[in-house]
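Only one structure is covered here, and it is reproduced in the block below.
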Protein chains: 2
Amino acid sequence: MDENNKKILKEGGYRITPQRTQVLCAISTNPQSVEEIYETVSQGTIKTDLASVYRALTLFVKLKLVQAVNFGDGKDRYEILNTHKHHHHALCTRCGKITDVELQDGKKLEREASKKTNYRITGHSLEFFGICHNCCNA
Amino acid sequence: MDENNKKILKEGGYRITPQRTQVLCAISTNPQSVEEIYETVSQGTIKTDLASVYRALTLFVKLKLVQAVNFGDGKDRYEILNTHKHHHHALCTRCGKITDVELQDGKKLEREASKKTNYRITGHSLEFFGICHNCCNA
DNA sequence: CTATTATTGCAAATAATTCGCAATTGTCAA
DNA sequence: TTGACAATTGCGAATTATTTGCAATAATAG
């Protein structure tokens, strides 16, 4: 597990357990759903319970080590936050691959939305759907 | 119920029932969650079952009369599609109000994402969070 | 190494969603 | 308008998803 994440856990009085480490590991390269995370972790050598996966994710979200992303396809996926700067995603609706997208000027969107709605905008989420390069050529 | 929606239902061999009419009515001005729709419909004079609300929504989504929107706050909301052109939303995280937002150039976002990811982009969803004008001054 | 206490696994509880089926009710054609 | 037919509903039961209580286990500070 990433040193910074360890630090945040410790400072909160939380322990570094193999289960927590594995959950973070499972989503280290790609956002995954609860079920997928459970599958992945279960394939390793350490034993884990679904309830523990839920508990780990709930904790990580609270500590902002992880965030949920939703593509409107019915399931939430969980993504590591630490190293990333704010970004968006593209989901391949054929193979399920998720690719990060960094747009030129995300803040501009918020400014425009703020002007049009008269809200004080505090954040946004933007997800793209499409077909990835591999699937396009398959 | 809107004439166009009636037509689409009929053409598919589906019937216009009070339950379906009420479900559409419940979301006619604002996107609502399943539970909220059920509450709203239940307050009227016609009797409805939660299962029927689920069934109506599933059907409407299949017929593209309605779409699910998700703000990442854990619940899906359902929104009428017919009259709307493609647009985005702002959710007031204090009072829950949802306001439509039409941005200058949504397609530009897709073009940029397409270029960066090498996906063939087929759609996107963009939701803003913030505090609405009323709540700001309350 | 030990004591302390957070965390886990398990099983049971709760919540969310779906399904089977008999009763009801739109709809079409006469 | 009426009757027949098939779609739809309500209800309860079945799934599925998520949460919780608790005794056993294990991480960590000293």
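All of these numbers come straight from a predicted model, not from anything done at the bench. Below, chain A is the first sequence line, B the second, and so on; all start at residue 1.
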Residue A:Y14, side-chain heavy atoms: nucleotide from D:dT18, C:dT7, D:dT9 that is nearest: C:dT7
Parallel, tilted or perpendicular, as decided by the 30° and 60° cut-offs, for the rings of A:H124 and A:H86: perpendicular
A:R15, nearest nucleotide to its side chain (from D:dA26, D:dG10, C:dT27): D:dA26
Verdict with reasoning, A:K7 to A:E3, per side-chain contact (heavy atoms from CB on, under 4.5 Å): CA-CA 6 Å; A:K7 186 154 157 281; A:E3 284 309 318; over 6 Å; no
Atom pair distance, as rounded to whole Å: CG in B:D49 and C1' in C:dA22: 15 Å
Side-chain touch B:K97/A:Y119, heavy atoms, less than 4.5 angstrom: yes
Any B:K47 side-chain N or O less than 4.0 Å from OP1/OP2 of D:dC11: yes
Between C:dT25 (C1') and B:I46 (CD1): distance, integer Å: 13 Å
Most 5' of B:E35 and A:T48 on DNA chain C, judged by nearest nucleotide: A:T48
Atom pair distance, as rounded to whole Å: OH in B:Y78 and P in C:dA16: 13 Å
Spacing between A:Q19 atom CD and C:dG9 atom P, to the nearest angstrom: 4 Å
Separation of atom CD1 in B:I16 from atom C1' in D:dT8, rounded to whole Å: 12 Å
d(NZ, A:K6; C1', D:dA27) in whole Å: 13 Å
Distance below 4.0 Å between A:S52 side-chain N/O and C:dT7 OP1 or OP2: no
B:R20 CZ to D:dT9 C1', straight-line distance once rounded to whole Å: 10 Å
Separation of atom OH in B:Y54 from atom P in C:dA15, rounded to whole Å: 13 Å
Donor-acceptor pair under 3.5 Å, B:R55 side chain vs D:dG10 base: yes
Result of checking A:Y38, A:Y78, A:F60 against A:V23 for side chain to side chain contact (heavy atoms under 4.5 Å, CB included): A:F60
Contact nearer the 5' end of DNA chain D, comparing A:T58 with A:K10: A:T58
Candidate pair A:T21 and A:I46, rule side-chain contact (heavy atoms from CB on, under 4.5 Å), full reasoning: CA-CA 10 Å; A:T21 304; A:I46 69 132; over 6 Å; no
